[in-house]
Amino acid sequence: MSKLWGGRFEGQTDALVEAFTESVSFDSQLALYDIQGSIAHAEMLGAQGILTEADVAAIVQGLNEIRTRIEAGDFTWDPALEDVHTNIEAALVERIGDAGKRLHTGRSRNDQIATDIRLWARDRVDAIIGCLRDLCGAFIDFAEAHIDVVLPGCTHLQHAQPVLLAHHMLAYVEMFGRDAERFADLRKRVNVLPLGSAALAGTPYPIDRVRVAQALGFDGITANSMDAVADRDYLIEFCSNAAITMMHLSRLCEELILWLAPAYNFIEIGDAFTTGSSIMPQKKNPDVAELVRGKTGRVYGALTGLLTLMKGLPMTYNRDLQEDKEPVFDTALTIEACLTVVAGMIPTIKVHADRMAEAAKDGFLEATDIADYLVGKGVPFREAHGMVGAMVRYCVERGKRLPELTLDEFRQFAPAIEADIHDQLRLDSVLARRDNPGGTAPNRVRDALKAARKKLE
Ligand code: ARG
């Protein structure tokens with residue numbers, strides 16, 4: 001194979017090395033960003049008098065034609081030309097001749113790839129924020145539609161206290177809301193132009209970096225040329241944010257899988273979002289939820305991969321950096337697909353409200369309320385805790401629930417208890433008492449729903 005940058009070499013590149021070093025098989029997906037960046041660069045070179053108007057016009061027209069061909073799918077990518085940058089530049093030279101050879105004035109592939117991947121990351125960040133918003137919308141609709149449903153709230157996966165299903169779902173709106181904020185914050189660090197750093201030290205041409213930044217919609221320019229070509233922090237942050245979002249999705253899916261299991265029987269998931277078994281005709285499996293849980297692992301893998309990729313790199317650009325692409329591309333595809341499919345699945349969930357309410361009666365969920373009731377009667381909390389513990393043991397031995405105890409039975413353990421106790425232990429009174437900001441009292445949850453809806457809009 002002939003050498004790409006021929007001058008310095010006498011020998012040819014080994015075919016194995018060519019296949020080993022090429023990146024066009026994956027970085028061709030940056031093509032439109034690469035062209036966008038090149039047009040902004042060329043127009044700036046023209047405005048600065050570094051290229052002639054005629055050269056710039058030829059370059060811009062040539063690049064636009066190449067873009068059209070790429071979009072139509074009839075551009076042939078050649079691995080012998082190594083990467084997306086060289087493929088496009090070679091096509092440009094083939095089209096317009098010498099003017100095309102002037103495009104690379106004052107830049108390097110090092111600041112070029114950094115620019116392309118930042119433009120890519122900015123779009124992915126915006127798309128992910130959109131997906132997160134849609135998902136939160138699905139949760140809010142779901143919570144609103146099930147505002148009266150009660151289920152056992154758990155700690156240690158043990159029944160703890162009754163909560164509204166809407167409250168439970170709004171917890172996920174909080175998580176995914178924080179995720180969206182993290183991506184929005186990352187966008188500030190992504191949206192800075194590295195072009196003009198050239199290979200690593202800057203360039204002697206009188207370029208105008210601010211003009212290029214404005215043309216490409218960047219908020220500003222990088223401050224240090226060495227950092228600009230060596231920095232991949234924003235991709236690590238991208239994968240880190242994605243890993244946190246996937247962790248949230250995975251927790252949700254784990255719950256849905258449990259709730260779907262016959263032992264819970266809390267929900268059904270719509271046919272469109274479940275799959276059958278090849279051998280057991282009766283099965284309806286939560287494969288979508290399981291795959292989301294499983295795909296969380298590959299996103300964590302990408303994050304670990306990037307951190308490891310970067311840890312030993314001396315300043316500035318090293319070819320190792322080419323290995324950043326595949327994990328971040330895969331991460332973006334994975335997280336966007338997972339967010340979209342889960343947002344589609346949520347509205348198909350049918351809730352077995354009776355089963356949830358029934359379960360909320362098991363596990364002595366009123367225990368804390370009896371202790372709180374006693375505190376209201378002047379019993380110190382620690383003592384009340386001990387008394388109610390003894391009541392629970394008594395119930396366990398007799399197969400009873402706490403509200404089933406008679407007033408006399410209650411009083412054997414806690415003489416301060418009065419005739420209003422049974423009223424106080426009704427599910428609706430238990431819920432209504434959690435009436436402080438962030439609590440599960442129905443009026444609080446209704447307020448929280450409104451606030452969440454408003455934040456979404
Ligand atoms: N394909 C390269 C990458 O992804 C582009 C930059 C090449 N720069 C270089 N000096 N070889 O990092």
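One-based numbering, in listed order, for ligands and for the atoms of each.
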_Closest protein heavy atom (residue, atom, distance) for atom 7 (C) of ligand 1_ = Tyr317 OH, 3.5 Å
*Sidechain N-carboxylate O distance under 4.0 Å for Asp185, Arg182*: no
*asked:* How far is atom 11 (N) of ligand 1 from the closest protein heavy atom, and which atom is that?
replied: Arg109 NH2, 3.4 Å
*Of all the heavy-atom pairs spanning Pro286 and Ile269, show the shortest one and how long it is.*
CB-CD1, 4.4 Å
_Can you tell me if Arg251 has over 12 outside heavy atoms packed within less than 6.0 Å of its CZ?_
no
_Contact atoms of ligand 1, heavy-atom distance to Ser23 under 4.0 Å_ = 1 (N)
*Run down the list Gln322, Arg232, Glu323 and name the one with the heavy atom closest to atom 1 (N) of ligand 1.*
Gln322
_Within a 6.0 Å radius of atom CD on Glu323, are there more than 12 heavy atoms belonging to other residues, nucleotides or ligands?_
no
*Where does the angle between the aromatic ring planes of Phe176 and Tyr172 fall among parallel (under 30°), tilted (30 to 60°) and perpendicular (over 60°)?*
parallel
*Which bit of His85 is near ligand 1, meaning a heavy atom under 4.0 Å away: side chain, backbone, both or neither?*
side chain
*Write out the residue and atom name of the closest protein heavy atom to atom 10 (N) of ligand 1, then the distance separating them to 0.1 Å.*
Asn110 OD1, 3.0 Å
*Is Lys325 near ligand 1, meaning one of its heavy atoms is under 4.0 Å from it?*
yes
*asked:* So if I count the atoms of ligand 1 from 1 in the order they appear, which ones are less than 4.0 Å from some heavy atom of Asp83?
replied: 1 (N), 5 (C)
_side chain to side chain donor-acceptor pair (under 3.5 Å) against Arg69, all qualifying residues, sequence neighbours excluded_ = none
